[in-house]
Amino acid sequence: MNPIAVSTGNIEIYYSAVIIALAIAACFAVSCSLYTSYAGNSRALWVMLPFALLFSVLFSRIIHWYCHVEQYTSLLGALTDYSGGGFVLPGALLGIWLAAFLVSKLGFTDSTARLLDAFAPGAALGVALIRLSALFNNSCRAKISVTSPALQRLPLAAPVYTNSGSDYRFATFFVQFIIMLVIFAVLYSFCCRRDEMRMKRGVPAAGHAARIFLLLHSAVELIMDSTRYDSSYMHFNGFVSIVQMIAAFCILGLLIYYSVWSVRTNGFRAFHSILWVVWLASLTGVGLSEYFVQRHGDWYIKCYSIMAVSIVIMCGVVIGLYKTCRYIDPDEA
Amino acid sequence: MSKYEDNFNLDDILAEFSSDGETDFSPAVSTPPALKQKAVIENKKPEEIHVRRKISREQPADDIPPVIRRLREPRIQQEPPQAKEPRREKEPGTPKPIYIPEPEYNEPDEDTESRRKASGAGRVMISLLFFVISIAALAWTGINIHPDSGTATAASVRNTIDLVSRLDVAMNNAKSEALKDLAYIKKIYTIDENATAAPRPNEAAFGVTTDMAEIQAVIDSAADLLDGQSVVWNPDLDFYPDRNVYYYRDPTILVLVWRERINNRSTTVAEIKVADGSQLRRKLSEDSYGSSVQAYCSKLAADANAVIAMNADYYGFRQVGVTVYQRQLFRFSPDKLDNCFINSKGEMLFMKAGSITDEMQMRQYINDNDVLFSLSFGPILVDNGELQYCDSYPIGEMNLEYSRAGLGMMDELHYIYMTVNHCNGQNPRCNINQFAEIMHSKGCIKAYNLDGGQTSEIVMHGKPINYIDFNAERTVTDIIYFATALPESEVSR
């Protein structure tokens, strides 16, 4: 399939680019509808969008430049010439947060957290569509070869055409697209039921949808990035993916955040210790799975199964801590 | 008693809230209405109360969307049982006072505040401006941002094979064809140095056997290619763990691969004789320097149509050394690593770390020596037939017993690949100097160390021949390989 949708003169527009633009538009539309349903002013989002785009592109690019410095002539070249190179998606999260903060400082909203809450489901949808765009270019490929003809179709596998013939690989981005769609549905539902989810006294009332988006998105990246054959690695160790590191730190940050609030509101309880131990054990499971899948590429079914279970447990622990911060009406209970 | 009592008419406020109809102040437990109201007032700042009343007057409750109405409702909670807030003393004969904490959040007020701030013509203008910018940003994204934009340095470089050379080759081969019944004229086959894949090897030319006579016959049939050079292989080697010998032969390339025990180390040795320097090649993933993509050595070998391939320096793993690919200098960090340059004649040229520190000099060196590509790992193991002892080296864990990989040169267009690996989990591996001794013992006049550990791998006919650490291939960024120069059109003949 020709990846170029429109070619006029010197301008070539790729299908993937069109889908990415649509993804941003969809993200904005969902965010706008949610934010106005919170009685927020959509102006804040209109102001936020260009800043979010600008910062997202810049940060995604800077992280990519750090990991693949030799693809660029210089940092300035990386930030000004977009004819080559790539992007690292977690940079967009930082960009969006910074844009929301800026919009808040400009006085278009009083609550950065609430703006980000409204943005979270839209961001999930946007990421889903951005991942879908990979089907229209050559990047939806993983290390894992799918050899069984019965499995050589979407959503599991996508064909790769090389000089040595066609080859079916695990369609990592398409699978991520599906998972992010599910996360979008979960977050949208969460935002719609936001009023029912009251927090205990002292716990910030807003920002939880954004935090849960960060948690789930990080969880997905933690495992899906491992399946990619073009991960971006750290300089100090060429086996450690920067995306996985960022994802792990995000989940750790959320664990600490909700642990602090949970201990503040409930007092220190035995279940806290148990949850932390379980979380650490799960993190170890993730780390070992990643180590072994890098060493033994053919163990991927075992390794990714253990990694997926570990990540689900890590998320479960954080969500469990979040729930301990929630106020539960005795009547409902 | 509220401290704000002096500033507000409490009756008005209570009346406002009680007649509002949109606020339910009933807590979970039954409480007398007056006490509920009091509790609410005690926990509200006067500004909040004022604003809430304004909103309810501006818009009738029925017109407010349910979501907004819910948001505007003040939230009343029971104190969480764990919270350690001071409780009032219970007075005898009075109803139990109810502690109602502050609302967790106050969206309606915040929102009103933000609307107030964001109002005015200036704000509208700013919003319009940002609307336009947003549309422009989306359009810019559509044009510029696509994950398939590839890498900055695609391998599209100048072809330096001059027309005279090409004409000579064509004339020679035409003469050979025309006079084949009268005289033998050796044909010249080359591979275009910019080609990302070589001609496909002849499947029928691959073989594996334990019959030493069969191997000898293969060697004898390649006498023309060997041109008087002797081979390293002989039937009396200490083959280990088996006596399998893998081979490939056509008029342009002879490959023999076997596994052998040397100095109690398990080695895999590949002996290669080619007809032309262009048959020693390097392939990078995606054929682009700096690509993010990594692939298995066997995959890269298959994509390149390699007869035999080996891992190279895994340049994507580190940022040091000198990297030349298709005559272009891509990386110039010459201080730490010894470098090996391969020129168009297939010669290995060594350069010690720090020998050239100026980039212009390096470019001049590349031009003067007709360098096609480089390998940057090292150290140099054997140079001009002399063993090179290494005291220290910044990469490669030189003093550890480690799996090793190296490229050696025996004679003109005559090479060996060698790896030292585990074998059945028993044999020790070796450090750099031990590896250099092994390479030297095979008769190399030049030998260069490549990336080891799990990276060290020799692939032939699509499969690894040596035992790889952890018994699994590792994805890498590059390989070096030997290919047949025989055009596919001539294979059938």
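First the proteins, then the strands, lettered A, B, ... as listed; each starts at 1. Computed from heavy atoms alone, side chains included, the values below leave out hydrogens, waters and symmetry copies.
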Self-check item: chain A contact via B:Gln454 - which portion, at a heavy-atom distance below 4.5 Å
Solution: side chain

Practice problem: Please look at A:His296 and chain B and tell me whether the side chain, the backbone, both or neither of the residue comes under 4.5 angstrom of a heavy atom of that chain. | Solution: both

Quiz item: Side chain, backbone, both or neither: which part of A:Ser231 has a heavy atom under 4.5 Å from chain B?
Solution: backbone

Self-check item: ring-ring contact (aromatic ring centres under 6.0 Å, His included) involving A:Phe28 - partner list, sequence neighbours excluded
Solution: A:Trp46

Practice problem: Answer with yes or no after comparing the ring centroid distance for B:Tyr315 and B:Phe377 against a 6.0 Å cut-off, counting only values under it. | Solution: no

Quiz item: For the residue pair B:Tyr289 and B:Tyr325, is the inter-centroid distance of their aromatic rings smaller than 6.0 Å?
Solution: no

Self-check item: chain B contact via A:Asp81 - which portion, at a heavy-atom distance below 4.5 Å
Solution: neither

Quiz prompt | For B:Asp478, salt bridge (charged side-chain N to carboxylate O under 4.0 Å, His left out) partners two or more places apart | solution = B:Arg282

